[in-house]
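Everything on this sheet refers to the single structure shown next.
All of these numbers come straight from a predicted model, not from anything done at the bench. Just follow the structure's listing: the first ligand is 1, and inside any ligand the first atom is 1.
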Amino acid sequence: MAEQAASPTIPPMPPLTRREFLNYAWLGSLGFLFVVGFGGAAYLFAFPRVKDGAFGSLFLLGNAGSALPKPNDPPIHNPTGKFWLTNVNGAILALYDVCPHLGCLYDWQSNAGRFECPCHGSKFAKDGKAVGGPAPRNLDRIAISFVADNRILETTNGYGDPLVIPGEPNAQVVVDTRKIIPGEPR
Ligand code: FES
């Protein structure tokens, strides 16, 4: 009769020292925090919580006939939405109100008839074109649409070109501050 091979004996694990136990516990909690943090960030990314009327959401400005500047009017600032509405020969642009140089807030200068940045002197025409100073590009634009009766009448193209105001008397203006279109480099 063949003898059964003796099964190898596994030496018992030495007990964890207090230092090893603390190291494992620390690593475990770090991993837990990573999973929770990563999952939370992914959740927030998938469902961005931007309330209406805050930058990063849609701004319903009302009737196009009353909410927009006329051709010879100065641009209208909306500080909450971070944009200027400007009328360029009868068409409308929404310009992001942050200077494309280093991020200061520029302002409209009525006397000069242009936007000027107080930080380093960049200057921009009424349509956002950079005309002086260190700004590397024209002002960034924000997408706008005209809507009526749950229909989109006109919407900004990929370049953010000025939108002609539609003839419909009940057209409403919507500025979509989720969509910023970088200005053209100089
Ligand atoms: S930040 Fe506007 S010119 Fe520098």
Pairs touching residues 61-85 that satisfy salt bridge (Lys or Arg N to Asp or Glu O under 4.0 Å), sequence neighbours left out: none
Honestly curious: do Leu58 and Val147 fall in one hydrophobic cluster under the side-chain, below-4.5 Å linking rule? yes
How many protein atoms of type N/O/S are positioned less than 2.8 Å from atom 4 (Fe) of ligand 1? 2
Write down the atom of Lys126, the atom of Asn87, and the distance for their closest heavy-atom approach. NZ-O, 3.3 Å
For Lys123, is the NZ atom crowded, meaning more than 12 foreign heavy atoms sit under 6.0 Å from it? yes
Could you tell me if the ring centre of Tyr96 sits under 6.0 Å from that of Trp84? no
Look at the side chain of Asp140 and the backbone N and O of Gly183, then say whether any donor-acceptor pair between them is shorter than 3.5 Å. yes
